[in-house]
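One structure is given below, encoded as structure tokens.
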Amino acid sequence: MSDSEDIKIKAENETIADDDISEDEETKEILKITSLKSLGPFIASQENSQNTVYLSDVPAVCKDKPCMLGVDEAGRGPVLGPMVYGISYCPLESKQALIDLGCADSKQLTEEKRDIIFNEINTLEYANSCVGWAVEIISPNVISTSMYRRAKCSLNEVSMESAMGLIQRAIDAGVNIAEVYVDTVGPPEKYQEKLLRRFPSFKITVAKKADSTYPIVSAASICAKVTRDHALKVWRFPEGLVIKDNAFGSGYPGDPVTKRFLTENIDLVFGFPRLVRFSWSTAENALADKAYDMEFDEPDTEKPKYAGTKLTKFFKGTNKEGEVIREECRFLKQRHLSSVHEF
């Protein structure tokens, strides 16, 4: 596709998108994502302290014919914002549709190009008639609490559970899955083994850089990346912060804009707004010298003292003469009763 064709398609998409949702509609809940234009309002209508899952309509052909399904994520490393897992699926015979869309590693595409491809997946008839997708927006709040809770859950575990959950949702929606391709988290062999235990009837391939090898994973990568980018653009701070143009940078620890945001938005008691992943060392280090030190009472580790009569009291040893020493039973003593041996 030439640059001139790209510009033409973009102009057409922007015209369609502008008519897609009015200003009034942007303020109310959007239940369905039908284009790039509706993505932001949909995300803005959700509670950003919780995870959000969205599943597109399943094309009829995906229920009848064997399909390939790809899995990838976006935003694993940043200290700010959600991590987004995405899946994409289409019939095995429809691979050319992915190539025609220009699906490639999302990190190798410009933001503009990713937006165009995402919009075309949802608006062009040849694409949305055979390609479906789903995403899970994993809240930074959920990521932090998962990694900090007593039974800690690593980021790898969070990632794998999200990926498997999205695959299961596609199955429940009726997608006829035959092959699954996944961009790995951790060692590919262990991840593939775990997926095969959960989905033994599928042909599963887990590989490094799968998003640049398999177009179906590239499509999933684009859906995840575009969703994360727009989640940051429409982020609403329940803490009441007003950040002009949401200027907090890319979220990556090395970004100077992100570093400035962290240092300028510290609450001395509560730390950071929910946009920040508290469990990241970047956030912990930023708080170390500025926030108040907090002390928590530790639970009493001493064994509780038993106030009642000890059982061993009734089993005392013998005296020097060998006689058993036993204290008279309190029940009998209080009632002036005694044991009778002779009648």
Side-chain angles (χ1 to χ4, degrees), residues 30 33 36 39-54 71-86 106-107 109-112 114-115 118 134-148 153-159 161-163 165-166 183 185 211 220-267 270-287:
I30 305 298
I33 299 171
L36 178 68
L39 177 62
F42 171 82
I43 297 172
S45 69
Q46 308 302 308
E47 172 56 61
N48 61 25
S49 66
Q50 302 173 359
N51 292 357
T52 297
V53 178
Y54 180 84
V71 183
D72 199 11
E73 53 76 26
R76 180 178 173 81
V79 66
L80 302 180
M83 177 171 67
V84 178
Y85 253 82
S106 67
K107 292 182 284 296
L109 301 172
T110 64
E111 180 179 354
E112 179 184 36
R114 289 193 300 266
D115 286 351
F118 179 85
V135 291
E136 180 174 20
I137 305 171
I138 306 172
S139 165
N141 186 62
V142 171
I143 292 173
S144 295
T145 53
S146 296
M147 297 177 72
Y148 270 149
C153 183
S154 70
L155 191 63
N156 279 0
E157 291 174 299
V158 172
S159 299
E161 286 301 317
S162 178
L166 287 174
D183 196 38
V185 172
D211 52 350
S221 177
I222 290 167
C223 291
K225 180 63 175 171
V226 172
T227 299
R228 173 177 155 81
D229 288 346
H230 284 260
L232 289 173
K233 289 178 181 178
V234 300
W235 186 272
R236 294 178 180 175
F237 290 91
E239 301 84 2
L241 290 177
V242 178
I243 308 298
K244 186 178 180 181
D245 298 324
N246 284 8
F248 32 68
S250 65
Y252 285 91
D255 185 340
V257 178
T258 297
K259 288 182 177 179
R260 184 168 64 250
F261 170 82
L262 291 175
T263 57
E264 292 178 354
N265 291 279
I266 292 177
D267 185 289
F270 298 106
F272 293 111
R274 289 177 184 171
L275 176 69
V276 179
R277 302 179 190 178
F278 282 68
S279 52
W280 257 234
S281 60
T282 306
E284 292 176 342
N285 293 337
L287 287 175

inquiry  = Can you give me the closest heavy-atom contact between M83 and R76, atom names plus distance?
reply    = SD-CA, 3.8 Å
query = What are the two closest heavy atoms between G86 and A224, and how far apart are they?
reply = N-CB, 3.9 Å
request  = Look at D229 together with K233 and state whether they make a salt bridge at an N to O cut-off of under 4.0 Å.
outcome  = no
note = In short, P273 meets F278 closest at the heavy-atom pair O-CE1, 3.9 Å
request  = With the side chain counted from C-beta on, respond yes when V135 and R228 share a heavy-atom pair under 4.5 Å apart, and no when they do not.
outcome  = no
inquiry  = Would you compute the distance between atom CD of E136 and atom CD of E73 and round it to the nearest 0.5 angstrom?
reply    = 12.5 Å
key: side chain to side chain contact (heavy atoms under 4.5 Å, CB included) assessment of T227 paired with Y54   = CA-CA 10 Å; T227 299; Y54 180 84; over 6 Å; no
task = Answer yes or no: is there a donor N or O on one side and an acceptor on the other, between the side chain of D255 and the main chain of S250, under 3.5 Å?
result = yes
task = Only counting residues at least two apart or in another chain, list the ones meeting side chain to side chain donor-acceptor pair (under 3.5 Å) with E47.
result = S49
task = Find out whether Y85 and V185 are in side-chain contact, i.e. whether some heavy atom of one side chain is under 4.5 Å from a heavy atom of the other.
result = yes
query = Just by distance, do the side chain of S45 and the backbone of F42 share a donor-acceptor pair under 3.5 Å?
reply = yes
inquiry  = How close do V257 and A247 get, counting heavy atoms only, and between which atoms?
reply    = CG1-O, 3.8 Å
message = Between F272 and L262, is there a side-chain heavy-atom distance shorter than 4.5 Å?
response = yes
ask   = side-chain contact (heavy atoms from CB on, under 4.5 Å) with S221: which of D72, V226, D183?
value = D72
note = The reported gap from CE in M147 to SG in C153 (rounded to nearest 0.5 angstrom) is 9.0 Å
note = In L232, N48, V234, the residue satisfying side-chain contact (heavy atoms from CB on, under 4.5 Å) with I43 is V234
note = Separation between CD1 (I137) and NE2 (H230), nearest 0.5 Å, reads 11.5 Å
ask   = Got a donor-acceptor contact below 3.5 angstrom from the S162 side chain to the V158 backbone?
value = no
task = First locate atom CZ of R274, then atom CZ of R236, and finally report the distance between them rounded to the nearest 0.5 Å.
result = 14.5 Å
query = Are S139 and Q50 side-chain neighbours, meaning at least one heavy-atom pair lies under 4.5 Å?
reply = no
request  = Check for a donor-acceptor pair, side chain of W280 on one end and backbone N or O of G77 on the other, with a separation under 3.5 Å.
outcome  = yes
key: Non-hydrogen side-chain atoms of P82 and W235 separated by less than 4.5 Å   = yes
query = Just by modelled atom types, is the G81 backbone N or O under 3.5 Å from a matching donor or acceptor in the R277 side chain?
reply = yes
Contact summary for T258 and G251, nearest pair of heavy atoms = OG1-N, 2.9 Å
query = When rounded to the nearest 0.5 angstrom, what is the spacing between CG in N141 and OG in S146?
reply = 9.0 Å
ask   = With side chains defined as the heavy atoms from C-beta onward, is the minimum distance between F261 and L275 less than 4.5 Å?
value = yes
